[in-house]
Amino acid sequence: IYQDLTPLFNLDMEGLYYRGLLDNSKELETQYQLKPTIYICAGVMVMNLELLRKDNAEEKMMKFIEEHKYIRSHDQTTLNYISQGKLDSIPPKYGLYTYYGEGSVKSFHRLFGPNYKKDSLEDLLEAHRNPIIPHFAFYKPWKLKPTIANLQSASSLESHRSIWWEYAKLTDYFEEI
């Protein structure tokens, strides 16, 4: 985390269960025939625990899980399914995926921009260049081995990766990593 998170925690949560980074809703559309107005990633979220408890969201989640034997992206699919109408996004600087190169950021904007009309391409590029929370969604700093397929991603990850390793060295678990 590179900056103060106070603005993230000060986002309006009135009537919302969660706020998170926008993500691809194909799972809900294809498997559950639900076309969400907004779909978020479960990696970086702000939660309204008071409203979740008041509305018995845990029971709703458990019922959804019991009724669906196979759930891909378990937590994310479940929370998006039960939370329709009670979701909103966070600014991308709080969790844009670190594996995105600038070309991928532009593709992300083409995919999600027309649907959500929240973040400009400039917002997304700024989030990529100067994230507050780097989100290691797929390529983990401790596992990344650059290949031709992820070469662009590897270069965009390198600065976050080296900082991650600096902090890892300060822990009691460094030798295990």
Side-chain angles (χ1 to χ4, degrees), residues 1-13 16-25 27 38-50 52-53 57-58 61 71-80 83 87-109 111-113 116 118-177:
I1 297 175
Y2 297 138
Q3 293 180 26
D4 182 9
L5 297 180
T6 301
L8 181 64
F9 293 115
N10 286 333
L11 291 171
D12 181 15
M13 292 297 292
L16 300 174
Y17 287 164
Y18 303 98
R19 280 183 174 268
L21 183 71
L22 296 177
D23 205 349
N24 187 334
S25 63
E27 180 76 16
I38 192 166
Y39 184 90
I40 63 168
C41 171
V44 179
M45 298 185 306
V46 179
M47 304 167 68
N48 184 341
L49 296 176
E50 184 178 336
L52 285 162
R53 290 179 184 126
E58 182 181 2
M61 288 181 193
I71 303 172
R72 189 168 166 254
S73 304
H74 305 91
D75 57 338
Q76 185 166 304
T77 298
T78 302
L79 74 84
N80 275 281
S83 301
L87 296 169
D88 205 347
S89 63
I90 59 174
K93 62 187 173 185
Y94 293 108
L96 189 66
Y97 309 124
T98 55
Y99 64 87
Y100 281 163
E102 288 204 9
S104 296
V105 170
K106 291 174 183 173
S107 294
F108 181 91
H109 185 260
L111 280 173
F112 296 116
Y116 301 116
K118 290 266 181 182
D119 306 306
S120 69
L121 178 56
E122 292 75 27
D123 291 337
L124 290 168
L125 289 169
E126 178 59 24
H128 167 68
R129 292 179 192 122
N130 298 298
I132 292 176
I133 302 174
H135 182 181
F136 298 105
F138 296 100
Y139 299 116
K140 308 301 183 190
W142 55 95
K143 290 185 176 180
L144 182 66
K145 292 183 176 69
T147 64
I148 297 297
N150 69 16
L151 198 56
Q152 182 183 21
S153 301
S155 63
S156 67
L157 267 174
E158 197 53 44
S159 65
H160 305 303
R161 190 171 171 243
S162 62
I163 291 169
W164 189 93
W165 279 110
E166 282 179 39
Y167 282 94
K169 288 176 188 173
L170 301 174
T171 70
D172 294 337
Y173 307 102
F174 179 69
E175 294 303 320
E176 294 176 38
I177 302 170

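Quick caveat, the model's predicted, so the values are computed rather than measured.
By the side chain to side chain donor-acceptor pair (under 3.5 Å) test, Asn10 is found to be paired with no residue, residues two or more places apart in sequence or in another chain being considered. Annotation: side chain to side chain contact (heavy atoms under 4.5 Å, CB included) contacts of Ile1 (sequence neighbours excluded): Leu5, Ile133. Residues that satisfy the side chain to side chain donor-acceptor pair (under 3.5 Å) test with Thr171, not counting sequence neighbours, are absent from this structure. Residues passing the side chain to side chain contact (heavy atoms under 4.5 Å, CB included) test with Ala42, sequence neighbours excluded: Met45, Asp75, Gln76, Leu79. The side chain to side chain donor-acceptor pair (under 3.5 Å) search around Asn130 returns Glu126, not counting sequence neighbours.
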Verdict with reasoning, Ile177 to Trp164, per side chain to side chain contact (heavy atoms under 4.5 Å, CB included)
CA-CA 12 Å; Ile177 302 170; Trp164 189 93; 4.0 Å; yes

Audit row: Glu58, Leu52, side chain to side chain contact (heavy atoms under 4.5 Å, CB included) steps and yes/no:
CA-CA 7 Å; Glu58 182 181 2; Leu52 285 162; over 6 Å; no

Let me see the working for Cys41 and Leu22 under side chain to side chain contact (heavy atoms under 4.5 Å, CB included), right down to the final yes or no.
CA-CA 6 Å; Cys41 171; Leu22 296 177; over 6 Å; no

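At most 12 non-hydrogen atoms from other residues, nucleotides or ligands lie less than 6.0 angstrom from CD of Glu175.
Between Pro92 and Ala127 the shortest heavy-atom distance is C-CB, 3.6 Å. Smallest separation of non-hydrogen atoms from Leu11 and Pro91: CD1-CD, 4.1 Å. Residue Ala168 comes nearest to Phe174 through the heavy atom pair O-CB, 3.3 Å, listed as atom of the first residue, atom of the second, then distance.
At distances below 3.5 Å, not a single donor-acceptor pair connects side-chain atoms of Arg19 with backbone N or O atoms of Val46. A donor-acceptor pair is defined here as one N or O able to donate and one able to accept, closer than 3.5 Å; such a pair exists between the side chain of Asn48 and the backbone of Met13. Listed for the Asn80 side chain is a donor-acceptor partner under 3.5 Å among the backbone atoms of Ile40.
Expressed to the nearest 0.5 Å, how far CG of Asp23 lies from OG of Ser73 amounts to 8.0 Å. Expressed to the nearest 0.5 Å, how far CZ of Phe9 lies from OH of Tyr94 amounts to 9.5 Å.
Between Val44 and Leu21, the closest side-chain pair of non-hydrogen atoms is not below 4.5 Å. Contact of the Leu16 side chain with the Leu87 side chain is not registered, since no non-hydrogen atoms from C-beta on lie closer than 4.5 Å. Using a 4.5 Å heavy-atom cutoff, the side chains of Asp88 and Tyr17 are not in contact.
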